[in-house]
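Working notes for the structure below.
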Amino acid sequence: MDWFSDLDDSKTGFATTLTGWYEHHKRDLPWRHTRDPYSIWLSEVILQQTRVAQGRPYYERFLAAYPTVQSMAGADERDLLRLWQGLGYYSRARNMHKTAQYVAEKLEGRFPETYAGLLKLPGIGPYTAAAIASFAFNEKAAVVDGNVYRVLARVFGIDVDITTNNAKKIFSERANQLIQASDNPATYNQAIMEFGAIQCTPVSPDCLICPLQQRCRAYLTGRQRMLPVKSKKTAVRERFFNYIVIRQGDRIALKERTAKDIWQHLYDFCLIETEEPMEAFRELPEGKVLNWVLQEGILKGLSDERTHVLSHQKIRARFWLIEVPEGREVQLPEGLIFCKPSDTERLPKPILIADYLKSLQF
DNA sequence: AACGCGGGGTG
DNA sequence: CACCCAGCGTT
């Protein structure tokens with residue numbers, strides 16, 4: 001704890017240095033031109049575990065489609081999910097809708113103006129509550145995201161494992177001490193995150209041009225590469241998805257995913273998941289209806305295996321395209337519905353499915 | 001406290 | 001390939 005004694009002296013300098021760096025290096029981002037709580041909230045939900053470059057076009061599209069919290073509250077949830085398509089972590093879109101409805105209907109369209117009030121809303125956790133409270137309402141609530149963990153761990157030489165609950169408390173307390181020294185918490189919060197994103201990067205930070213170099217514990221002891229400490233590694237589960245794509249004329253059979261699994265409330269095809277790669281499916285005991293479709297249908301195509309990688313899963317998918325002759329009455333397996341092209345386009349789908357459909361056009 | 005949840009960028 | 005991104009909700 002040898003940094004504690006000089007903390008009072010150093011924290012003012014830390015905040016001042018960061019905000020000074022920020023004014024000179026900040027990127028011009030659309031959500032930095034507003035203090036509208038709705039716009040800020042929208043940007044923060046989109047940016048949860050999402051890079052600025054990936055989230056930015058979504059922010060523009062959402063704001064164009066739903067300029068107000070009332071318009072989002074009145075939206076069909078499927079349309080929100082469709083607009084969210086490709087961003088991942090789809091429960092964010094559903095929680096966003098719940099919060100929009102709550103704010104529009106119970107709070108007369110006005111977001112809570114405090115950290116504690118914001119924290120109660122669906123999809124708003126400690127980070128997002130602090131971001132909105134500071135950016136929109138100038139509350140001295142410190143954001144603690146991946147950038148802040150990294151910057152604080154390095155500058156103050158904190159080697160607590162950031163995946164633990166203890167670390168959450170330690171970093172949050174330190175961040176909240178530091179923000180007290182700033183007379184502009186909104187700018188300070190933006191600054192420390194921007195600093196982490198641009199200067200104090202995860203891999204090979206450019207310490208030689210860093211304004212905090214001489215007060216950085218990690219630099220002074222050569223431990224940049226070791227900090228922050230993160231113990232847990234991601235275990236990837238391998239899964240085999242065999243999709244039966246049933247097509248009749250220009251209609252395709254889709255199904256909403258309702259299980260407690262990935263892609264909840266998105267749409268895909270008739271899915272047979274197996275423990276091993278599957279080469280033939282005509283013997284599968286998957287029910288009379290599917291067997292009928294497979295018997296009467298004509299195999300029009302079999303895709304190569306496509307690998308779709310998620311954080312915790314590696315999905316190996318193959319697509320069997322089955323054509324059912326037009327005019328034929330087809331009873332589809334449970335849950336599947338024939339969709340015309342315009343409906344297929346309009347429904348939210350995993351990127352794996354959207355990409356396959358795109359490849360079908362050619 | 002541990003786990004599940006996407007898709008993409010980067011070195 | 002590994003790492004991780006303006007995290008949150010559930011168990």
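The figures here come from the full heavy-atom set of this structure, side chains too, leaving out hydrogens, waters and symmetry mates. Just so you know, these numbers come straight off a predicted model, no measurement behind them. Naming: A, B, ... by sequence-line order, numbering from 1 per chain.
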- Scan A:Q190 against the nucleic acid and name what it touches under 4.0 Å (heavy atoms): base, sugar-phosphate only, or nothing. base

- Query: With under 30° as parallel and over 60° as perpendicular, where do the rings of A:F62 and A:Y66 fit, or are they tilted in between?
  - Reply: tilted

- Query: With a cut-off of under 6.0 Å to the ring centre and 45° to the axis, is A:R174 in cation-pi contact with A:F156?
  - Reply: yes

- What's the verdict on salt bridge (Lys or Arg N to Asp or Glu O under 4.0 Å) for A:K314 and A:E238, showing C-alpha distance, side-chain angles and the deciding distance? CA-CA 5 Å; A:K314 180 190 287 186; A:E238 195 167 38; 5.1 Å; no

- For A:I124, which contact category applies under a 4.0 Å heavy-atom criterion: base, sugar-phosphate, or nothing? sugar-phosphate

- Expressed in angstrom and rounded to an integer, what is the separation of A:Q54 atom CD from B:dG9 atom P? 7 Å

- Report the residue (A:Y90 or A:T163) whose heavy-atom-nearest nucleotide on DNA chain B is the more 5′ of the two. A:T163

- 5′-ward residue of the pair A:R51/A:K168 relative to DNA chain C: A:R51

- Task: Using a heavy-atom cut-off of under 4.0 Å over every strand shown, decide if A:W84 touches base, sugar-phosphate, or nothing.
- Result: nothing

- Task: Have a look at A:S311 and say if it touches a base, only the backbone sugar-phosphate, or nothing, with a 4.0 Å heavy-atom cut-off.
- Result: base

- Could you tell me whether A:D261 contacts a base, only the sugar-phosphate backbone, or nothing, with contacts defined as non-hydrogen atoms closer than 4.0 Å? sugar-phosphate

- Message: I'd like to know if the side chain of A:N147 pairs up with that of A:R150 as donor and acceptor (distance under 3.5 Å, no hydrogens or angles considered).
- Response: yes

- Give A:R56 one of three labels, base, sugar-phosphate or nothing, depending on what nucleic acid heavy atoms sit under 4.0 Å from its own. nothing

